[in-house]
Amino acid sequence: MNNKKLTVMLALISTVIVAIWAWSYAMNATASTHLPWITYDNILYVTGLLAMALLSITMILATRPAILEPVFNGLDKIYRLHKWTAILAVIFAVLHWLTEMNDDWLESLLLVSGQPTEASVSVFVDNMQELAEDLGEWSFYLVAGMVLLSLLKFFPYKFWRYLHRIMPVLYLLLVFHAAWLTPFSWWQQPIGLLLGLLMLAGSIAAMRSLTGHIGRTRRVQGTIKSITASAQGITQVVCQLGKKWPGHRAGQFAFVRFDRLEGNHPFTIANADKNNGQLTFEIKALGDYTKNLAGKITEGQAVTVEGPYGRFDLKHHKANAEQIWVAAGIGVTPFLAWLEELQNYPEQVPTAQMHYCTHDGSSDPMVPRLQQLCDNLKSDNSPGIILHIHDSHKGQKITPKDLLNRDAAKKLTEVWYCGPKGLARLLETGLKKMLPGSLRFRKEAFEFR
């Protein structure tokens, strides 16, 4: 996210918080004559309201809403927002909890003779409010722990996935907490109604998650047609899904489940759609499950594929921009699909510089495949896709300067990148300095936890 977008977002969030704060202060001022406790209640309710609103949005985004992909430019961006709304929700929940835990300290600090007490409505309501307070406190501890585990990348995915399943239950308990402890008068106000709608939508999302409905309409059953392992630690898996597969655009990805206990994993589809329900995945051994994947799956085995998802699509490129494609390691997969699709549409082939970073070009099976695909796209009228190989075994480390030609600074430059985050930061930062205001850097963020 660039500085301008970050500034706009922070300004918007600050404006919303100030507006809610002012409204909350006005609501509390009419209910209490104790200024210190008006301030205390204001902090307590606003932090709780913001925590529940953000947590509700987190639950909604977790349902993989395909309708929002065009808005956020891909499911990967939706999941990134999902992560940050969860983090912000926990931050406000911590502030809410600290405020609740320190009412006695506030009373002694401000030398106030006592916090105003609310009139009892009935024994049933009092008991329900006490239950809601206890459930909310323990649910907060567990949610904060879940978010913390999500940020600890060394925590094994197979264990995290099962723990993550309790999040919808914790959310529903927090809805119960908020519904019983928020003053009734608040629900009659516009912001209260908005929070109610968010909590209702979040509750529906939580129930969909608990009943296994997330992504169900986009799941297709099939079988593994072939498995090929290479010396580079890459396993090529070809799946046959038949006519039920809706088709995909080159560059999209899907969630693949080979093992029910292991669950879904996102993999880029490495082939163009041929209307035959056949998908190819090039899977790098990067985790516990993908390590020695060829030995864990067999030809003819059942497979479940959910998708397609993603907006890493060449059709969204800027026609007036210089095209630079950068693939590092297994990040070559979306570009393989692009090149394969362009074989059938030679009139749509753009002029582009493609850079492929590999550890050992002499043994990398992707190198001859890329060379063949790029050579097929050359014509008398256009050079097509010009391939550059950066072989780290030979000391060929890619730099921002390697991506630019002498005319690049004269027009908009669009970089499509797929690979490790560290290299992405290096290239994007360097290019922004060299091309201020004329760079569009497109990448996918394959981080779903």
Side-chain angles (χ1 to χ4, degrees), residues 63-67 69-70 74-76 78-79 157 161 208-209 211-230 234-287 289-290 292-315 330-345 365-366 369 373 418 444 446 448:
T63 61
R64 299 200 277 271
I67 193 172
E69 279 205 78
L75 184 63
D76 59 314
I78 291 176
Y79 266 93
Y157 173 81
R161 188 174 70 88
R208 289 189 62 201
S209 177
T211 55
H213 278 77
I214 294 178
R216 177 174 290 184
T217 59
R218 306 188 75 173
R219 295 178 200 157
V220 179
Q221 304 296 323
T223 58
I224 297 176
K225 184 178 180 180
S226 67
I227 305 167
T228 306
S230 73
I234 298 175
T235 302
Q236 182 189 82
V237 182
V238 179
C239 301
Q240 184 60 55
L241 305 180
K243 295 181 179 180
K244 291 185 179 180
W245 178 249
H248 64 275
R249 299 189 306 273
Q252 290 191 294
F253 67 92
F255 290 96
V256 184
R257 185 174 70 192
F258 298 115
D259 183 343
R260 186 172 183 179
L261 294 178
E262 179 65 21
N264 297 328
H265 289 270
F267 299 117
T268 300
I269 303 169
N271 68 300
D273 186 55
K274 298 177 181 178
N275 298 316
N276 60 358
Q278 185 169 296
L279 304 182
T280 299
F281 299 98
E282 303 283 354
I283 303 173
K284 179 75 172 179
L286 297 174
Y289 184 73
T290 53
N292 192 29
L293 179 63
K296 300 175 182 177
I297 58 178
T298 59
E299 293 183 9
Q301 174 184 323
V303 63
T304 302
V305 179
E306 178 192 325
Y309 294 101
R311 302 274 292 177
F312 200 79
D313 185 355
L314 184 58
K315 292 182 179 179
I330 199 59
V332 73
T333 47
F335 298 105
L336 289 174
W338 284 12
L339 294 171
E340 189 175 306
E341 184 174 86
L342 288 172
Q343 307 294 310
N344 300 320
Y345 304 98
M366 299 298 176
R369 186 174 172 187
L373 289 169
C418 190
E444 281 194 312
F446 263 97
F448 295 99

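All values below were derived from every heavy atom in this structure, side-chain atoms included, with hydrogens, water molecules and symmetry-related copies excluded.
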A.B. asks: Tell me, do Phe253 and Pro334 make a side-chain contact under 4.5 Å, heavy atoms counted?
C.D. replies: no
A.B. asks: So Glu306 and Arg216, salt bridge (charged side-chain N to carboxylate O under 4.0 Å, His left out) or not? Walk me through it.
C.D. replies: CA-CA 8 Å; Glu306 178 192 325; Arg216 177 174 290 184; over 6 Å; no
A.B. asks: Is there a side-chain contact between Ile297 and Ile224 (heavy atoms, below 4.5 Å)?
C.D. replies: yes
A.B. asks: Heavy atoms only: give me the nearest Thr211-Arg208 pair and the separation to one decimal.
C.D. replies: OG1-O, 3.3 Å
A.B. asks: Taking all atoms of both residues into account, what is the closest heavy-atom pair of Arg218 and Ala66, and its distance?
C.D. replies: NH1-CB, 2.9 Å
A.B. asks: Under 4.5 Å between any side-chain heavy atoms of Leu241 and Gln278, yes or no?
C.D. replies: no
A.B. asks: If you define the side chain from C-beta out and look only at heavy atoms, does anything of His248 sit under 4.5 Å from Leu279?
C.D. replies: yes
A.B. asks: Less than 4.5 Å apart, side chain to side chain, heavy atoms only: is that true for Val256 and Ile283?
C.D. replies: no
A.B. asks: Taking ring-ring contact (aromatic ring centres under 6.0 Å, His included) as the test, write out the residues that go with Tyr309, two or more places apart.
C.D. replies: Phe255
A.B. asks: For the CG atom of Asp313 and the CD atom of Glu341, what is their distance to the nearest 0.5 Å?
C.D. replies: 7.5 Å
A.B. asks: Does Val305 reach the side chain of Arg219, with side-chain heavy atoms less than 4.5 Å apart?
C.D. replies: no
A.B. asks: Please report the interatomic distance CD(Glu299) to CD1(Ile227), rounded to the nearest 0.5 Å.
C.D. replies: 5.5 Å
A.B. asks: Working to the nearest 0.5 Å, report the span between OG of Ser230 and CD of Gln236.
C.D. replies: 9.0 Å
A.B. asks: Using the benzene-type ring in the case of Trp, are the ring centres of Phe281 and Phe258 under 6.0 Å apart?
C.D. replies: no
A.B. asks: Hey, what do you get for CD1 (Ile330) to CD1 (Ile234), rounding to the nearest 0.5 Å?
C.D. replies: 4.0 Å
A.B. asks: Can you check whether Pro70 reaches Arg311 side chain to side chain, under 4.5 Å on heavy atoms?
C.D. replies: yes
A.B. asks: Find out whether Arg64 and Leu75 are in side-chain contact, i.e. whether some heavy atom of one side chain is under 4.5 Å from a heavy atom of the other.
C.D. replies: yes
A.B. asks: Any salt bridge (charged side-chain N to carboxylate O under 4.0 Å, His left out) pairs touching residues 267-285, not counting sequence neighbours?
C.D. replies: Lys274-Glu340, Glu282-Arg369
A.B. asks: Write down the atom of Leu373, the atom of Gln343, and the distance for their closest heavy-atom approach.
C.D. replies: O-NE2, 3.1 Å
A.B. asks: Using every non-hydrogen atom in the two residues, find where Thr280 and Asn271 come nearest and quote the distance to one decimal.
C.D. replies: N-OD1, 2.8 Å
A.B. asks: Could you check whether atom NZ of Lys225 has more than 12 heavy atoms from other residues, nucleotides or ligands sitting under 6.0 Å from it?
C.D. replies: no
A.B. asks: Using 0.5 Å steps for rounding, measure from the CD atom of Gln221 to the OG1 atom of Thr304.
C.D. replies: 3.5 Å
A.B. asks: Distance check, rounded to the nearest 0.5 Å: Thr268 atom OG1 versus Phe335 atom CZ?
C.D. replies: 10.0 Å
A.B. asks: Considering non-hydrogen atoms only, spot the tightest contact between Gln252 and Arg249 and give its length.
C.D. replies: OE1-N, 2.8 Å
A.B. asks: Indicate the atoms forming the closest heavy-atom contact of Trp338 with Ala250, along with that distance.
C.D. replies: NE1-O, 3.3 Å
